[in-house]
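Have a look at the structure below before the remarks.
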Amino acid sequence: MRHPYPIREIARQAGLSTATVDRVLHNRGNVRESTIREVREAIKALDRQQAQVRIGGRTFMIDIVMQAPERFSTAVREALEAELPSLHPAVVRSRFHFRESCPPGELVGILDKIAKRGSQGVILKAPDVPEIAAAVGRLVQAGVPVVTLVTDLPLSARRAYIGIDNRAAGATAAYLLQQWLGDRPGNVLTTISRSSFRGEEEREMGFRSAMRLADPKRSVVEVTDSDGLDATQRDLVLEALERDGDIVAVYSMGGGNLATLDAFAALKRPCAVFVAHDLDHDNTRLLRDRRISAVLHHDLRQDVRRACQTVMRAHKALPDDGPALPSAIQVVTPFNLPPDVAPPPSG
């Protein structure tokens with residue numbers, strides 16, 4: 001058992017004698033398995049206490065840079081503000097740089113300004129394009145760790161990606177759609193906010209691959225580059241529906257779902273199955289109203305907390321806990337809304 005603590009300190013934490021702890025640490029035998037577990041738990045407890053001491057009183061200024069529709073950036077802001085108490089005794093202060101739609105050069109300018117001004121870390125949601133990856137490299141060279149959120153820049157110098165396995169999410173959406181559609185004929189509309197977002201591209205690849213295996217005769221019709229904005233989304237979906245009279249279902253990877261449903265309604269077309277992503281305010285309302293079938297959800301509060309903790313680890317304020325694992329994908333229907341978004345019981 002590797003550890004930096006005096007035997008006396010471990011013994012005090014475990015409530016054991018120093019002789020017993022010494023036997024455990026040096027594998028001298030004649031020790032019960034339960035006692036070995038007690039020593040291990042004592043060392044883990046000391047690790048946690050040391051981490052609390054390291055971050056106690058420290059302030060981390062973190063910049064959150066996102067290209068996303070306002071509904072999603074608002075959800076991120078609310079998630080971060082809700083998680084701030086869980087990050088104590090460290091103090092996290094944040095600066096938000098949100099854009100609904102912008103050229104890559106504008107995001108590059110924001111990132112370069114942060115590198116020049118200084119920051120303890122950047123949480124980034126941005127398109128996976130070379131100029132943004134280069135700006136991430138300049139941030140890291142300036143000593144600013146970068147964590148990508150929801151969508152990755154895998155070829156950049158970012159420290160970690162926090163979010164779901166997007167290919168698995170796309171395959172999950174294909175499974176749900178095929179189960180609900182069954183033998184019903186018809187094609188599926190997929191909507192992507194922008195093809196340069198790696199996360200949405202991977203969802204689309206996972207979805208197409210699973211749909212080909214499940215039902216190769218069913219066509220997938222793609223709408224993209226709306227930035228998830230309602231006005232643009234509605235026009236693009238209307239065009240797709242007018243071109244293809246056989247569309248009966250939707251897999252939305254990039255939002256704009258109110259606009260998508262409005263386009264179906266404008267043409268008096270039914271939408272048999274609608275699978276979306278993220279429990280933002282729009283999707284929660286649509287799910288409650290049974291206008292969409294299911295939402296593929298991940299705990300955004302947990303993701304934001306993990307992103308902040310990754311920044312702290314980059315500054316040696318928390319112990320390293322290995323590579324970040326993908327966030328769990330939850331299939332949410334009107335009947336299993338999480339308690340913090342579910343409506344109060346009637347009566």
Side-chain angles (χ1 to χ4, degrees), residues 69 71-72 166 169-195 197 200 203-297 329-337 341-343:
R71 60 183 170 271
F72 185 75
N166 284 295
T172 300
Y175 173 80
L176 293 172
L177 278 163
Q178 192 55 36
Q179 290 296 308
W180 276 321
L181 288 174
D183 295 331
R184 176 173 179 163
N187 300 329
V188 178
L189 179 72
T190 61
T191 66
I192 300 172
S193 70
R194 189 150 292 275
S195 55
F197 281 109
E200 293 182 29
R203 291 173 189 176
E204 194 270 343
M205 289 189 289
F207 180 79
R208 281 186 181 272
S209 177
M211 286 297 294
R212 275 197 302 270
L213 289 174
D215 189 350
K217 299 185 296 298
R218 201 182 295 279
S219 296
V220 176
V221 181
E222 181 179 302
V223 163
T224 187
D225 293 345
S226 69
D227 289 315
L229 303 179
D230 286 343
T232 312
Q233 181 83 1
R234 187 179 189 278
D235 290 342
L236 290 172
V237 174
L238 275 172
E239 291 174 11
L241 292 175
E242 288 168 346
R243 287 195 308 268
D244 190 329
D246 294 326
I247 293 173
V248 297
V250 174
Y251 172 38
S252 168
M253 293 164 253
N257 300 326
L258 274 169
T260 297
L261 289 166
D262 284 348
F264 274 86
L267 297 178
K268 296 182 171 54
R269 294 270 294 275
C271 181
V273 185
F274 196 126
V275 177
H277 274 268
D278 303 317
L279 278 178
D280 57 30
H281 297 302
D282 283 355
N283 285 344
T284 300
R285 185 168 64 253
L286 291 172
L287 198 58
R288 285 175 178 162
D289 294 342
R290 311 293 200 271
R291 297 184 67 193
I292 59 179
S293 311
V295 171
L296 300 182
H297 177 61
I329 303 169
Q330 304 170 37
V331 178
V332 181
T333 71
F335 303 100
N336 69 328
L337 283 159
V341 299

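Just so you know, these numbers come straight off a predicted model, no measurement behind them.
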### Message
Could you go through S252 and N257, starting from their C-alpha distance and side-chain angles, then the distance that decides it, and tell me whether this counts as side-chain hydrogen bond (donor to acceptor under 3.5 Å, both in side chains)?
### Response
CA-CA 7 Å; S252 168; N257 300 326; 2.5 Å; yes
### Task
Take T191 and T224 through the test side-chain contact (heavy atoms from CB on, under 4.5 Å) and record every step on the way to the result.
CA-CA 6 Å; T191 66; T224 187; over 6 Å; no
### Task
Take V220 and R212 through the side-chain contact (heavy atoms from CB on, under 4.5 Å) test and state the conclusion after the steps.
CA-CA 9 Å; V220 176; R212 275 197 302 270; over 6 Å; no
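Cation-pi contact between R290 and F335: present, with separation from the ring centre below 6.0 Å and deviation from the ring axis of at most 45°.
Considering only heavy atoms from C-beta on, M253 stays 4.5 Å or farther from E222 through its side chain. Counting heavy atoms from C-beta on, the side chains of L177 and F207 come closer than 4.5 Å. Looking only at side-chain heavy atoms (C-beta outward), I192 and V223 stay at 4.5 Å or farther from each other. Residues L181 and V188 form a side-chain contact, since some pair of their non-hydrogen atoms from C-beta on lies under 4.5 Å apart. Contact of the D282 side chain with the R285 side chain is registered, since non-hydrogen atoms from C-beta on lie closer than 4.5 Å. With a 4.5 Å cut-off on side-chain heavy atoms, H277 and N283 do not count as touching. The closest side-chain heavy-atom distance from L279 to L287 is below 4.5 Å. Annotation: side chain of L176 is in contact with side chain of L296 (closest heavy-atom distance under 4.5 Å).
A distance-only check finds no donor-acceptor pair linking the side chain of E204 to the backbone of G170 [under 3.5 Å]. Put simply, the side chain of R203 never gets that close to the backbone of N166: no donor and acceptor are under 3.5 Å apart. Panel note: side chain R218, backbone G186; a donor-acceptor pair is recorded below 3.5 Å. In this structure, the side chain of N187 engages the main chain of S219 through a donor-acceptor pair within 3.5 Å. In this structure a side-chain-to-backbone donor-acceptor pair under 3.5 Å is missing from D278 to D280. A distance-only check finds a donor-acceptor pair linking the side chain of D225 to the backbone of S195 [under 3.5 Å]. Using modelled atom types, no side-chain atom of T190 and backbone atom of Y251 make a donor-acceptor pair closer than 3.5 Å.
Shortest non-hydrogen contact noted between A266 and R234 is CB-NH2, 3.5 Å. Smallest separation of non-hydrogen atoms from G254 and S193: O-CB, 3.7 Å. Here the closest heavy-atom approach between residue A210 and residue A171 is recorded as CB-CA, 3.9 Å. For V221 against A240, the heavy-atom pair with the smallest separation is CG1-CB, 4.5 Å. Closest non-hydrogen pair, G256 versus D230, comes out as CA-OD1, 3.5 Å.
Taking CG of D289 as the start and CG of L261 as the end, the distance is 10.5 Å to the nearest 0.5 Å. Taking SG from C271 and CZ from F264, the interatomic distance works out to 4.5 Å, rounded to the nearest 0.5 Å. In this structure, H281 NE2 and L286 CG are separated by 13.0 Å, a value rounded to the nearest 0.5 Å. Atom CH2 of W180 and atom OH of Y175 lie 10.5 Å apart (nearest 0.5 Å).
Q233 meets the side chain to side chain donor-acceptor pair (under 3.5 Å) test with S226, T260; sequence neighbours excluded. Taking L267 as the reference, L238, L241, E242, R269 meet the side-chain contact (heavy atoms from CB on, under 4.5 Å) condition, with sequence neighbours excluded.
The pair D215-K217 meets the salt-bridge criterion, with a side-chain N (NZ, NE, NH1 or NH2) lying under 4.0 Å from an Asp/Glu carboxylate O.
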